[in-house]
Amino acid sequence: MSHAQDITAGLLPLPQQIRSAKHESGPTARGATRVQWTNEQDPLVQAYLERAFGTLDCGEILITVDQVAIDSLPQADMLEGYELELSPQQIHLKADSTWGALHGLTTLKQLIYENTLPRQVHIVDQPRFPWRGLMLDVTRHFIPLPQLLEVVDGLQLLKLNVLHLHLSDDQGFRFGSEAFPKLVSDEHYAKDELRHLVAYAADRGIRVIPEIDVPGHVNHWLLAYPEWGSEQAKPSQRFGVHPGCLDPTQESVYQALETLFAEVAEVFPDRFVHVGGDEVNPKWWQRAEHIQAFIAEHDLKDARGLQNYFLCRLQISLAALNKQIIGWDEVLHEQMPDCLVQNWRGATTRDRALAVPRPCIVSAPYYLDLHFPADIHYRFDPTATQQDWLRMEDDLATDLRLEHIAEALSWTHQWRRGAIALDDSEPGAPVLGGEACQWAELVDGPTLPMRLWSRLPAVAERLWSNANCRDVTDFYRRLAGVLGHPELCSDGHQHTCLQQLGLTDQQIQAVQYLEPTKWYSRLLGAQALQARMQGSEMPQARPYTVATPLNKVVDYLMPESFASRGLKDAVIGEHLDELALLCEGAVAEPWPTGDDDVVEGLKANLAAIRLYQQTLAGATALDEALAGLRTHYRPYGEYMPALIPFLLDHLQTRR
Ligand code: ACM
């Protein structure tokens with residue numbers, strides 16, 4: 001495709017308006033970069049210009065920034081719109097604020113193709129939602145600081161503006177508290193490191209929001225400070241919800257939290273602090289006589305009421321620090337304090353929050369740890385009606401790629417009970433936007449890039465671009481463009497990781513046609529998955545703990561096989577001969593021990609290719625081939641033979 005036809009090839013999220021793109025005109029030589037400022041020079045914009053464009057000749061760039069951010073930080077209500085006009089003579093970037101101008105330069109960067117900029121294009125752009133984030137769990141596995149800085153660079157390229165760090169959980173505590181050193185895990189961020197991260201992100205228009213998850217998810221805390229709980233916590237390396245929770249009847253707990261959050265507030269300047277609140281197991285509270293007496297004395301009714309009492313106390317402490325709190329869905333309560341709600345349990349809890357009314361950040365359809373393909377995240381709009389959202393959720397059970405876990409998807413139906421319908425005449429609080437969630441039970445530093453960048457762009461576009469930007473084919477076309485940027489490209493890194501596992505180049509190519517199994521099937525393992533499908537849970541049967549190394553082929557795979565998707569539009573016949581040879585060769589070579597399923601997955605792809613070829617040659621009937629392909633398409637341990645759905649698609653079109 002020529003450059004002239006392809007102005008949008010690297011544009012993701014798609015800008016709101018692309019006006020007067022002269023598609024017939026190709027690139028133009030622009031000469032050495034000369035920056036002119038209409039108003040005062042903007043140091044952050046100037047610094048980004050130097051970083052992003054280096055030695056590229058951009059010609060004359062005229063920049064107009066109305067409000068230059070000097071000593072001010074990105075905020076929840078910052079202005080982010082910009083206008084970018086390229087003509088053969090000049091580039092003109094106009095923005096109300098530094099933050100918009102930074103986005104304008106990102107767009108300019110995404111317009112570079114084969115080291116040149118287009119001749120003529122006029123873009124007028126602004127985000128659909130003010131809150132566009134990534135929640136990164138840095139607790140289940142630690143992500144070193146230099147890598148967090150790289151994550152920030154990737155967020156900037158996707159015009160995301162919030163990095164929410166999940167800093168504490170049952171398995172660890174990553175905030176380098178000086179007041180409570182016993183809480184702090186060996187691998188943690190010192191306060192100065194976090195200050196550096198905050199400043200680095202702010203220079204890129206990104207807010208960093210800390211989450212300290214209380215009163216549940218605190219097993220690690222209670223090992224250090226047993227006096228903060230009502231029972232003895234046990235050392236544990238397992239994943240899954242732990243029973244331990246803070247004892248909300250104790251004044252010393254509130255005093256400790258006040259001190260801790262004062263430290264947090266001093267490091268993170270954003271107005272918002274996340275206090276967790278999810279998955280509080282009420283068992284300890286129900287078993288303690290003094291807690292039951294407290295509930296009765298304060299007329300709190302039950303554990304929910306007690307959690308709300310706890311949240312109200314916390315909100316008062318944080319308001320005194322000039323902070324507003326965010327909590328996960330479970331903070332919803334008739335008497336809840338002023339609070340943003342981060343939605344993770346679906347449309348019904350979103351609408352309950354909006355009806356309270358509490359503003360919402362939608363995350364439920366954006367869980368990247370489920371290993372879903374990008375198109376699934378892409379289709380969920382944060383403001384979809386409850387009815388449409390639930391229908392889309394139900395449709396997932398009929399998606400071939402999720403067939404192996406379809407039964408488990410109804411696990412979320414527990415949250416549909418007691419759903420309320422929003423009254424159209426009283427729309428309630430606003431949806432502020434959303435955050436993709438990267439939980440890290442099965443992700444660590446080396447595996448993060450493959451997990452993150454393959455699907456995060458889908459969420460970024462959903463949150464920035466116009467609601468009617470829904471063409472998934474076009475999304476994947478532009479995704480290929482944007483994944484070419486060094487900030488998001490994980491090809492070289494993945495190759496190195498797989499090489500270190502002992503794979504040959506041929507094997508590395510062949511495993512591009514495999515995917516990890518979906519939903520929580522890896523994390524739960526076969527036994528616990530079965531139990532959850534039947535509505536219960538057996539955490540003791542889970543295969544992974546914090547001590548399990550993430551060093552199998554499956555850990556380094558893309559959650560979605562772009563290689564298989566790429567075959568869709570190619571001349572498939574020729575490619576399949578090559579691919580069959582590749583798989584045969586790869587299978588025949590020695591593999592790292594203890595990971596036999598990977599070979600079984602490749603053999604399934606190979607068997608499917610053979611069936612496909614026999615069908616084209618007229619040696620196998622179409623219906624028989626389709627049935628055969630479906631039989632081969634199943635989990636092999638933690639691997640899915642991802643080529644097969646695409647072969648099925650191709651064959652089905654021949655019907
Ligand atoms: C959550 O996924 N427990 C917020």
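Atoms considered below: every heavy atom in the structure, side chains included; atoms not considered: hydrogens, waters and symmetry mates. Values in this document were obtained by computation on a predicted structure and should not be read as measured data. Read the numbers this way: they start at 1 and go in the same order the structure lists the ligands and their atoms.
Glu266 and Arg195 are joined by a salt bridge, as a carboxylate oxygen and a charged side-chain nitrogen come within less than 4.0 angstrom of each other. Ion pairing of Arg401 with Asp399 is present here, as a side-chain N (NZ or NE/NH1/NH2) and a carboxylate O approach within less than 4.0 Å. Salt-bridge formation is detected for the pair Lys191/Glu263: a Lys NZ or Arg NE/NH1/NH2 atom is positioned less than 4.0 Å from an Asp or Glu carboxylate oxygen.
When only interatomic distances are considered, the shortest N/O to N/O separation between His217 and ligand 1 does not fall below 3.5 Å. Between Trp344 and ligand 1, no pair of N/O atoms sits closer than 3.5 Å. Between Glu279 and ligand 1, at least one N/O pair is under 3.5 Å apart.
The single protein non-hydrogen atom nearest to atom 3 (N) of ligand 1 is Asp278 OD2, 2.7 Å, given as residue, atom name and distance. Of the protein's non-hydrogen atoms, the one nearest atom 2 (O) of ligand 1 is Tyr367 OH, 2.5 Å.
Applying the 4.0 Å criterion to heavy atoms of Trp439 picks out, from ligand 1, the atoms 1 (C), 2 (O), 4 (C).
If you check the side chains of Thr349 and Asp329, you find a donor sitting under 3.5 Å from an acceptor.
The environment of Glu334 atom CD is dense: over 12 non-hydrogen atoms of other residues, nucleotides or ligands sit within 6.0 angstrom.
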